[in-house]
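Input: a single structure, listed below in structure tokens.
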Protein chains: 2
Amino acid sequence: MGRRSDHSRDELLALVLDTAEKIVEQEGIAALTARRVSKEIGYSVGTIYNLFDNLDDLSLHVKARTLDALYAHIRAVPMGQDVEQDFLALNAAYFDFLSGNPNTWGSILERVGADGRPLPDWYLAKVALPFSVVAETMLPLFGPDGRDRADYAAHTLWCGVHGIAVMAMEDSLEVVGNHSAREMADFLILNFLRGLRAAKA
Amino acid sequence: MGRRSDHSRDELLALVLDTAEKIVEQEGIAALTARRVSKEIGYSVGTIYNLFDNLDDLSLHVKARTLDALYAHIRAVPMGQDVEQDFLALNAAYFDFLSGNPNTWGSILERVGADGRPLPDWYLAKVALPFSVVAETMLPLFGPDGRDRADYAAHTLWCGVHGIAVMAMEDSLEVVGNHSAREMADFLILNFLRGLRAAKA
DNA sequence: TTTTTATATTGAACAATGTTCATTTCCGCA
DNA sequence: TGCGGAAATGAACATTGTTCAATATAAAAA
């Protein structure tokens with residue numbers, strides 16, 4: 001078969017991404033293969049490679065969608081309470097998103113693929129966005145001239161929450177045990193912030 | 001070729017594990033293939049499968065060795081100062097180990113392989129050991145009747161440190177930026193502990 | 001010492017993967 | 001109507017994990 005007009009290039013791109021996302025969400029990133037996607041959309045393997053450089057590229061675009069969704073999700077959280085309340089709300093939204101998208105989000109937390117090649121800038125920018133929300137939330141604790149220190153504290157804290165999330169996903173490790181990861185993250189947040197406040201006083 | 005007497009079964013096991021560990025440390029977990037190991041030790045592929053169930057099983061045993069080494073490393077840290085000092089010492093030892101074994105340790109932090117099959121108990125036990133040291137260190141802050149709460153705090157904190165370590169390993173994400181991950185973890189530890197102390201007072 | 005038994009070792013074989021690219025087919029345009 | 005360029009194909013190649021019948025040899029028996 002040769003050239004078709006079933007879908008425009010953009011439609012095809014969306015079709016592939018939708019399908020890939022569905023596969024990852026339902027069966028995990030390991031189930032994402034070029035042949036599988038091509039079969040599901042009714043095109044041949046080669047078509048996937050007309051649209052993406054390689055499988056890593058495709059999975060990176062799937063991850064990018066998930067990052068977009070996460071950003072939208074935490075952007076929708078009402079803010080403006082005191083710092084503690086804001087962070088707890090952020091955390092709730094984060095774990096809410098995580099439990100709703102365990103496989104797609106899990107594929108991001110894994111540091112896999114890319115064979116050591118650096119991640120492209122457009123992707124790094126998407127990773128940075130959710131962090132920026134956290135940094136914003138931290139700002140009141142340091143005042144407008146404390147941007148750098150607020151940034152640092154925000155990064156530290158959110159890497160910490162991230163660590164709990166990772167552990168929770170590999171429930172097999174039983175590190176989190178029967179505790180709720182969400183509560184654990186709350187506990188980390190509250191004590192970290194209290195520590196920061198105590199340091200100022 | 002048939003039966004040989006070059007190595008006993010145990011010698012062969014050690015030979016395979018040594019070789020596999022070397023490969024993972026030098027080139028990362030992705031470079032660990034059955035054929036590669038068999039070639040390096042001068043046996044055929046089949047021999048690997050005489051010794052291990054499959055590749056996952058082999059890599060699990062390599063990871064187990066790394067966990068043993070980490071446990072020994074942090075066990076050697078002198079303890080008994082105040083809680084803050086002890087934790088900072090633990091943290092220093094942890095990041096020291098991490099920077100000395102980035103690939104082997106990184107392969108543990110990744111949650112990969114095992115296709116969703118649960119990890120075997122003997123492996124989970126090895127994962128729990130380093131955590132137990134952390135829990136021990138936390139105990140003085142809660143007193144002898146506060147074991148459970150100390151455990152919980154220790155798990156929370158160390159998952160947090162773990163998150164920073166993961167982020168630091170994927171330096172490509174630039175989340176940690178030019179900050180030292182070690183310092184970041186120190187910062188998290190100190191403020192978390194200060195928060196705990198402030199909550200008691 | 002010779003024969004037999006048991007088993008450690010082999011490597012060909014199979015299925016599945018990512019990736020390439022010459023070939024084919026068809027859309028759009030003159 | 002015919003033509004040029006591009007989209008779509010799928011066979012082909014290299015590599016992977018994994019299996020298992022065949023085989024060579026050490027150990028035991030005769």
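Residue numbers begin at 1 in each chain, while the letters A, B, ... track the order of the sequences.
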Contacts of type side-chain hydrogen bond (donor to acceptor under 3.5 Å, both in side chains), residue [X], not counting sequence neighbours:
{"X": "Arg149(A)", "answer": "none"}
{"X": "Arg35(B)", "answer": "none"}
{"X": "Asp18(A)", "answer": "Arg65(A)"}
{"X": "His73(B)", "answer": "Asp96(B)"}

- Message: Within the 4.0 Å heavy-atom criterion, would you say Leu12(B) contacts the bases, only the backbone, or no part of the nucleic acid?
- Response: sugar-phosphate
Rounded off to whole Å, could you give me the [atom1]-to-[atom2] distance for the [X] and [N] pair?
{"X": "Phe52(A)", "N": "dT20(C)", "atom1": "CZ", "atom2": "P", "result": "15 Å"}
{"X": "Arg9(A)", "N": "dG28(C)", "atom1": "CZ", "atom2": "P", "result": "16 Å"}
{"X": "Leu51(A)", "N": "dA8(D)", "atom1": "CG", "atom2": "C1'", "result": "11 Å"}
{"X": "Ile48(A)", "N": "dC21(C)", "atom1": "CD1", "atom2": "P", "result": "18 Å"}
{"X": "Asp57(B)", "N": "dT18(D)", "atom1": "CG", "atom2": "C1'", "result": "14 Å"}
{"X": "Leu15(B)", "N": "dT9(C)", "atom1": "CG", "atom2": "C1'", "result": "15 Å"}
{"X": "Asn50(B)", "N": "dC20(D)", "atom1": "CG", "atom2": "P", "result": "13 Å"}
{"X": "Glu11(B)", "N": "dT9(C)", "atom1": "CD", "atom2": "C1'", "result": "16 Å"}

- Query: In residues 16-26 of chain B, which residues come under 4.0 Å of DNA chain C by heavy atom?
  - Reply: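 By residue number: none to list.
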Produce the list of close N/O pairs, under 3.5 Å, pairing protein atoms with atoms of nucleotides 16-19 of chain C; give distances to one decimal.
{"residue": "dG18(C)", "atom": "OP2", "partner": "Ala34(A)", "partner atom": "N", "Å": "3.3"}
{"residue": "dG18(C)", "atom": "N7", "partner": "Arg35(A)", "partner atom": "NH1", "Å": "2.6"}
{"residue": "dG18(C)", "atom": "O6", "partner": "Arg35(A)", "partner atom": "NH2", "Å": "2.8"}
{"residue": "dT19(C)", "atom": "OP2", "partner": "Tyr49(A)", "partner atom": "OH", "Å": "2.9"}
{"residue": "dT19(C)", "atom": "OP2", "partner": "Leu55(A)", "partner atom": "N", "Å": "2.8"}
{"residue": "dT19(C)", "atom": "O4", "partner": "Arg35(A)", "partner atom": "NH2", "Å": "3.4"}

- Task: Indicate yes or no: at least one non-hydrogen side-chain atom of Ile41(B) is less than 4.5 angstrom from one of Val16(B).
- Result: yes
- Task: Please examine the side chains of Gln85(B) and Asp82(B), heavy atoms only from C-beta on, and report whether any two atoms are closer than 4.5 Å.
- Result: yes
- 5'-most contact on DNA chain D: Gly46(B) or Gly42(A), nearest heavy atom basis? Gly42(A)
- Within less than 4.0 Å of OP1 or OP2 of dA7(D), is there a side-chain N or O belonging to Thr47(A)?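 Result: no.
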- Message: Does this structure show an ion pair linking Glu21(B) with Lys63(B), if we count only N-O contacts that are shorter than 4.0 Å?
- Response: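 Salt bridge: no.
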- Message: Using the ring centroid of each side chain, check whether Phe192(B) and Phe187(A) are separated by less than 6.0 Å.
- Response: yes
- Query: Considering the options Asn103(B), Thr66(B), Thr104(B), which one meets the side chain to side chain donor-acceptor pair (under 3.5 Å) requirement together with Glu25(B)?
  - Reply: Thr104(B)
